[in-house]
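So that the names make sense, note that chain A is the first sequence line, chain B the second, and so on, each numbered from 1.
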Amino acid sequence: MDITDILDPLNEAQREAVTVGAEPTLVLAGAGSGKTRVLVHRVAWLVRVEGVAPQHILAVTFTNKAAAEMRQRIEALLGYPTRNLWIGTFHGLAHRLLRIHAREAGLPETFQIMDSEDQLRMIRRMIRSLDLDEHEWAPRDVQWFVNAQKDEGLRPKDLKDEGNAGRRRMIDLYARYQRLCDEAGLVDFGELLLRTLELLTERADLLEHYRARFKHLLVDEFQDTNAIQYRWLRLVAGKSGIPFIVGDDDQSIYRWRGARVENLQHFQRDFPGTRIVRLEQNYRSTATILNAANAVIANNASRLGKNLWTDGGAGEPIRVYAAFNERDEAEFVVNRIQDAIAAGERRRDIAVLYRSNAQSRVFEEALLAAGIPYRVYGGMRFFERAEIKDALAYLRLIANRDDDPSFERVVNMPPRGIGARTIDIVRDEARRSGTSLWRAAAAVITQEALPKRSSNALWEFLKLVDRLDQDTRNLPLHEQVAHVIERSGLIAHYGKEPHGGGEARVENLEELVNAARDVIADEESDMPPLLSFLAYAVLESGAAQAGPYEDSVQLMTMHSAKGLEFEWLFMCGMEDGLFPHQRSLNDPEGLEEERRLCYVGITRAKRRLYLTYAEQRRLHGLESYATPSRFIREIPPELLEEVRPTMAVARPIYRPAFAGRDALPGGIRLGQRVRHGKFGEGVILNAEGSGAHARVQVNFERSGTKWLVLAYANLELM
DNA sequence: CATACAGACATAAAC
DNA sequence: TGTCTGTATG
């Protein structure tokens, strides 16, 4: 058997990982150490050398994009399609199981998935219907609470109020929300996982079946799994499954949305005899860049320990530029980008990274002015667009009339004279009789509880949806979609939107037809195409922007940069308060996560890295003065090179951090916690002036941010 | 029902 | 400061 194509491209550690026997394996894979390659080759090894049938393999990735890429690479290596090999995200796989076993899981066959926006709308509506104060019970907070519980695998009945009235109400809201979802046949992202877990826990026969099927469980980006995903993995693995997981504790940057790095440690505890393979050789960056990354991450206390190395050369020093303000920073970056392009660099190999999206603006303006094509990551995705969600809502109603959120979304879209008053009456009726809005609407019409005009309009809507359903029942999916966007009136509605704004929307709607054409049937779960398409639209929200092939400079947050690499990299806004972000300055765990994010950022760079910061920055409308990020100071100075502005300036460029602080009386420092008689507790953000005129900016927890004159404020240090 | 205006808010974002 | 949401107005 020829296995050279599997093993030859691998180094020794990679080869060890790919060829391990049937034992639980944990691959600690540093940035740029070839972890995707290891996963792909592991699958090929199992199939070709160990003779494992593809249906005995389950591979879990972090995103759909990664799943698609992995499947494609596996097929390229194996040389044939891998139909029975399950590859997907935890959510995608859970959805598949729930479709196959909807009945056993207590769901209607036509159940629909809600994205976070749908979920938020639903919670907001619920809070209103309960006449709760939306400030005290902010829908966002409730949503956060519900999702956090689900991520931990907890149902309302598992939660105790601990004698806390607020918590008791939260638990109650969670329970009510869940009831609403169940009644409407709706499943949120967390529910996909939780339901599946419960299904497999309760149904020993199913569990046994899937345990027998999925012998090999491969999980990528394991450091980003949450509690329930890990329980899921353990459950499916059981005693006989062989988990092969790949992760990097230093790249765990999603703690804030439930990811548990500890799962890496737990894994070793829960699967005794775990074989650990470390991939530490980096093929991406210069030694200088790697050393900087290593130096920064070394400041984190809780690590499994790992040191990246390369046999490549030192390369260039890392450039640090201190800008006057954010516009100077952008101008500097754009000038360097022009240099790079002039030197023959491709635009797509250049990226500008920042901590938060709001920072993109200045760079966009500067790039626009310079006429350099760029692409901003993030923002509105295809399936999140209003017109697309409208069209999907019609389709969802066709599939399931009881989908209340979809009903509310399009009952008056396009406008057909059904106002807030009418909807209120329908809603009241639904609540009174405990049915869906759809049924309530029909009831309200027969009861003649509405003015003639509204009643007719409502009747027209019900007829419309029924007609759309009937007329398209036997059409291929994409024709069904085309029919629906046309006959629902959405096309006409958006087409006549003023100032040509509707044109793009109409194009998007037409694009939806194409998307429907491309949907591939899932033979295994023999899901109806419409249901399959609707699920796809929620689970795979689509790229934020089209135009992929124009060669353009990449702008994105440090988070979105994970997994990517660039020849030239700019990390901007390297200021304490921006990066690390303000909200993590007082929290050691938060700070460690920021540091990991910095590590992720630095290790994206292949050849040249710039770190820039602005000494003065306009933020939320007011000027603030910043100190360079502590992360810059964590890089050994010999790896850095200051870049001076082209104009001569009569001041030190790379000011030592916290210069000027000494001038503040009373031992006050930035970041210091203080208490004020009236405003309560807060943190010093900024300071200016000295002596009797010294003022400090304090961010009070209760009263917001204020400038105070030190001499009068009587701040108590904490 | 569309548009204008006021007010709140401002970390990251896949599924 | 800019964006988004909700409400007031014509």
* Asked: Any idea how A:H559 and A:Y254 line up, ring-wise: parallel (<30°), tilted (30 to 60°), or perpendicular (>60°)?
  -> tilted

Should the side chain of [X] and the base of [N] be counted as holding a donor-acceptor pair, with the cut-off at 3.5 Å?
X	N	answer
A:H559	B:dA13	no
A:S116	B:dC15	yes
A:R257	B:dA12	no

To the nearest Å, give me how far apart [atom1] ([X]) and [atom2] ([N]) are.
X	N	atom1	atom2	value
A:Y377	B:dA12	OH	C1'	17 Å
A:Y599	B:dA12	OH	C1'	20 Å
A:R361	B:dA10	CZ	C1'	13 Å
A:E191	B:dA14	CD	C1'	18 Å
A:M556	B:dT11	CE	C1'	17 Å
A:F382	B:dA14	CZ	P	17 Å
A:D141	B:dA8	CG	P	17 Å
A:D188	B:dC15	CG	P	16 Å

When all nucleic acid strands are considered with a 4.0 Å heavy-atom cut-off, which category describes [X]: base, sugar-phosphate, or nothing?
X	result
A:D115	nothing
A:F90	nothing
A:N64	sugar-phosphate
A:G190	nothing
A:L93	nothing

* First of A:H620 and A:I418 reached from the 5' end of DNA chain B, by closest nucleotide ->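 The 5'-side residue here is A:I418.
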
* First encountered from the 5' end of DNA chain B, between A:N357 and A:H135 ->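 Upstream on the strand: A:H135.
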
* Could you tell me whether the side chain of A:F111 reaches within less than 4.5 Å of the side chain of A:N400, counting heavy atoms only? =>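 The answer is no; the side chains never approach within 4.5 Å.
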
* Compute whether any side-chain donor of one residue and acceptor of the other, for A:E221 and A:Q223, lie under 3.5 angstrom apart. => yes

Between [X] and [N], is there a side-chain N or O to OP1/OP2 distance below 4.0 Å?
X	N	answer
A:S356	B:dA10	no
A:R124	C:dG6	yes
A:R128	C:dG6	yes
A:S560	B:dA12	no

* To do: Could you tell me whether A:R595 sits above the aromatic face of A:Y599, with NZ or CZ closer than 6.0 angstrom to the six-membered ring centre and within 45 degrees of the axis?
  =>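 Not flagged: A:R595 not positioned over aromatic ring of A:Y599.
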
* Asked: What nucleotide, of B:dT11, B:dA10, B:dA2, holds the atom closest to the side chain of A:R583?
  -> B:dT11

* To do: Consider the side chain of A:R618, meaning its heavy atoms from C-beta on, and name the nucleotide among C:dT1, B:dA2, B:dA12 that approaches it most closely.
  =>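 For the A:R618 side chain, the nearest candidate turns out to be C:dT1.
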
* **salt bridge (Lys or Arg N to Asp or Glu O under 4.0 Å) partner of A:E408, chosen from A:R121, A:R128, A:R427, A:R396** =>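 Answer to the salt bridge (Lys or Arg N to Asp or Glu O under 4.0 Å) test with A:E408 among A:R121, A:R128, A:R427, A:R396: A:R427.
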
* Who pairs with B:dC1 - Watson-Crick or G-U, where each distance is under 3.5 Å ->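 Per the H-bond distance test, C:dG10.
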
* Quick check, are the ring centers of A:F222 and A:Y230 under 6.0 angstrom apart? ->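 Yes, the ring centres sit under 6.0 Å apart.
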
* Asked: Using the C1' atom in both, what is the distance from C:dT3 to B:dA14, to the nearest Å?
  ->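 Pairwise C1' distance, C:dT3 against B:dA14, rounds to 23 Å.
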
